[in-house]
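Written out below as structure tokens is the structure these notes cover.
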There are 2 protein chains.
Amino acid sequence: MNNFENVNNRRTRPAKPPLSLDIIIKTAYKLLSENGISGMSMRKIAKALDTGPASLYVYVKNYQKLSAYVLDYGLREVKLVENDTVYWKDAIINILKSYFKVLVETPGLAELALTTPPNGMNSMDINECLLKYLQTGGISKRGAAWGIDILLLYVSSLSFERTRRSKKDNDLDDMVALYNKVDVSKYPMIGMLKSELFSGEGDERFSWGIEVILQGLLTMQNS
Amino acid sequence: MNNFENVNNRRTRPAKPPLSLDIIIKTAYKLLSENGISGMSMRKIAKALDTGPASLYVYVKNYQKLSAYVLDYGLREVKLVENDTVYWKDAIINILKSYFKVLVETPGLAELALTTPPNGMNSMDINECLLKYLQTGGISKRGAAWGIDILLLYVSSLSFERTRRSKKDNDLDDMVALYNKVDVSKYPMIGMLKSELFSGEGDERFSWGIEVILQGLLTMQNS
DNA sequence: ACCTGAACACCGTTCAAGT
DNA sequence: ACCTGAACACCGTTCAAGT
């Protein structure tokens with residue numbers, strides 16, 4: 001074999017870092033944030049690591065489990081530390097704003113959050129922290145336990161919608177078009193409210209929804 | 001060519017129904033309800049219709065648009081008609097229960113509801129109806145418009161979780177296992193509430209969540 | 001034990017050629 | 001216009017053979 005032709009043999013090419021679960025997750029996350037969810041395939045991760053797809057299965061059971069790891073890795077940046085003097089409601093809103101920001105900034109992460117059961121340290125930290133502040137606000141055990149689910153779900157889906165909206169070939173536009181040329185006599189409410197149905201681009205709708213859920217949790221205490 | 005060997009030529013095989021958008025959607029829905037979301041691929045739909053995958057693209061722009069049609073077709077069975085004497089809140093709960101039932105009974109439909117922007121007559125009927133009852137309950141225009149989003153999202157995700165839970169090779173079980181062997185000194189809240197976090201199999205959690213959202217909507221009126 | 005190319009059984013979509 | 005087989009550019013996962 002001719003070493004001059006085969007420039008990329010083991011001796012001449014740069015040393016390849018050994019595989020590990022950690023390096024696989026980080027590579028997957030990088031691909032996800034650069035190219036969205038379709039950029040993170042087992043084959044593309046393997047190629048980015050200069051190996052074959054089979055190699056990944058030494059460290060990861062399957063694509064779904066890897067997705068869960070990547071989601072949790074993405075959530076490491078959610079800011080949980082609050083000044084002790086912050087009112088419990090504002091603390092919750094700040095945490096959820098940070099969660100929202102992380103999901104919107106990394107394309108594909110919002111979709112993962114909506115379809116992959118969270119599983120890992122960072123998601124656990126977020127849950128623990130939210131439970132603490134709900135407890136501080138006087139919300140019952142069951143209210144807190146079931147309430148964090150609604151809160152995180154609401155924020156995940158808002159961010160998923162936001163990331164979809166910023167893509168082109170937008171299926172949301174079809175929906176908007178359908179609602180805009182609706183027969184007002186058959187759909188009076190939709191006709192009347194169509195401007196409201198798709199409004200709330202900025203923080204307004206986000207904050208409103210969280211307020212609704214928190215108000216609901218508080219009110220349910222006394223009944 | 002030998003007609004005796006080639007039994008399935010055009011003359012001898014049963015007449016093939018002509019393609020149409022309608023027939024494609026119904027076939028896709030049938031495959032979805034029998035085999036879940038992975039059973040509904042363009043290729044499998046084509047095979048079920050005894051043709052090649054390219055034929056479908058005469059009637060449907062792409063897989064995502066077809067998904068939206070199938071979702072709306074699945075929603076046709078949601079019961080919207082309520083006795084006029086029913087209290088508005090109960091009417092909403094009944095509609096959402098029917099929506100929940102439809103999503104749980106057809107595997108894959110819940111996932112579609114969570115990831116595909118609804119687009120069609122049936123989804124519009126559901127929205128119109130919910131808006132009407134929220135209005136009856138005295139909820140503001142904006143509250144109603146933004147509120148149906150939270151309500152439908154909440155029910156969709158509960159049904160998605162339910163359908164996932166009934167599968168084996170369940171990634172949710174990993175999460176439950178993780179939460180069960182958590183370090184109680186680091187995660188006191190999770191340790192304390194872990195039984196509540198995964199409870200609520202039946203109607204209880206479903207009804208509780210809807211009540212929370214409705215209470216929140218009502219309370220937000222006066223602030 | 002770790003690593004890998006090749007193979008297996010699939011995808012969505014488009015092309016070119018038919019009617 | 002409608003229909004279609006074949007091709008294109010991909011998937012996740014497993015196997016068999018290497019070290």
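In this text, all values refer to a predicted model and were calculated from it rather than measured experimentally. These numbers come from the heavy atoms of this one structure, side chains and all, not from hydrogens, waters or symmetry mates. Chain naming here is simple, since letters A, B, ... match the order of the sequence lines and numbering starts at 1 in each.
Taking each heavy atom of B:Leu31 and B:Ala48 in turn, the nearest pair found is CD1-CB, 4.3 Å. Between B:Tyr154 and A:Leu153 the shortest heavy-atom distance is CA-CD2, 4.0 Å. The two atoms that bring B:Arg164 and A:Thr115 nearest to each other are NH1-O, 2.7 Å, heavy atoms only. Between A:Ala28 and A:Leu66, the shortest heavy-atom contact is CB-CD2, 4.5 Å.
Atom CD1 of A:Ile37 and atom P of D:dC10 are 18 Å apart (whole Å). Whole-Å rounding puts the A:Leu49 CG to C:dT4 C1' distance at 14 Å. With rounding to whole Å, B:Gln64 atom CD is found 12 Å from C:dG12 atom P. Atom CG of A:Leu56 and atom P of C:dC2 are 14 Å apart (whole Å). One atom, NZ of A:Lys47, and another, C1' of C:dG5, lie 13 Å apart when rounded to the nearest Å. Taking atom NZ on B:Lys65 and atom P on C:dG12, their separation rounds to 16 Å, with Å as the unit. Rounded to whole angstrom, the span from the OH atom of A:Tyr59 across to the P atom of D:dT13 amounts to 18 Å. In this structure, the CG atom of A:Asn62 is 17 Å from the P atom of D:dC11, given to the nearest Å.
The existence of a salt bridge linking B:Arg205 and B:Glu161 is excluded, since no basic side-chain nitrogen approaches an acidic carboxylate oxygen closer than 4.0 Å.
Among the nucleotides C:dT14, C:dT13, C:dC2, the one closest to the side chain of B:Ala54 is C:dT14. The side chain of B:Met42 has C:dT13 as its nearest neighbour among C:dA7, C:dT13, D:dC3. Each of C:dC3, D:dT4, D:dT13 was ranked by its minimum atom distance to the side chain of A:Ser55; first place goes to C:dC3. Residue B:Leu19 places its side chain closer to D:dT4 than to any other of D:dT4, C:dA6, C:dT13. Each of D:dC3, D:dG12, C:dG12 was ranked by its minimum atom distance to the side chain of B:Val58; first place goes to D:dC3. In the set D:dG12, C:dG12, C:dC3, the nucleotide with an atom closest to the side chain of A:Tyr63 is D:dG12.
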task: Treat a base pair as Watson-Crick or G-U wobble with both distances under 3.5 Å, then lay out DNA chain D in dot-bracket form, 5' to 3', with | for cross-strand pairs.
output: ||.|||||...|||||.||
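Close to C:dC10, at under 4.0 Å from its OP1 or OP2, lies no side-chain N or O of B:Lys44. Look at A:Lys61 and you won't find any side-chain N or O under 4.0 angstrom from OP1 or OP2 of D:dT13. Taking 4.0 angstrom as the limit, B:Tyr57 places none of its side-chain polar atoms (N or O) nearer than this to OP1 or OP2 of D:dC2. Between A:Ser41 and the phosphate of D:dC11, there is a side-chain N or O to OP1/OP2 separation shorter than 4.0 Å.
Side chain to side chain, B:Tyr29 and B:Thr106 meet the donor-acceptor criterion of an N or O pair below 3.5 Å. One side chain, B:Tyr187 or A:Asp125, offers a donor N or O that lies under 3.5 Å from an acceptor on the other. With no hydrogens or angles considered, a side-chain donor-acceptor pair links A:Ser156 and A:Tyr99 at under 3.5 Å.
Between D:dA17 and C:dA1, the two C1' atoms lie 15 Å apart (nearest whole Å). With both ends at atom P, the span from C:dA9 to D:dC10 equals 22 Å, rounded to whole Å.
Nearest-nucleotide positions on DNA chain D for B:Gly52 and A:Arg43 put B:Gly52 closer to the 5' end.
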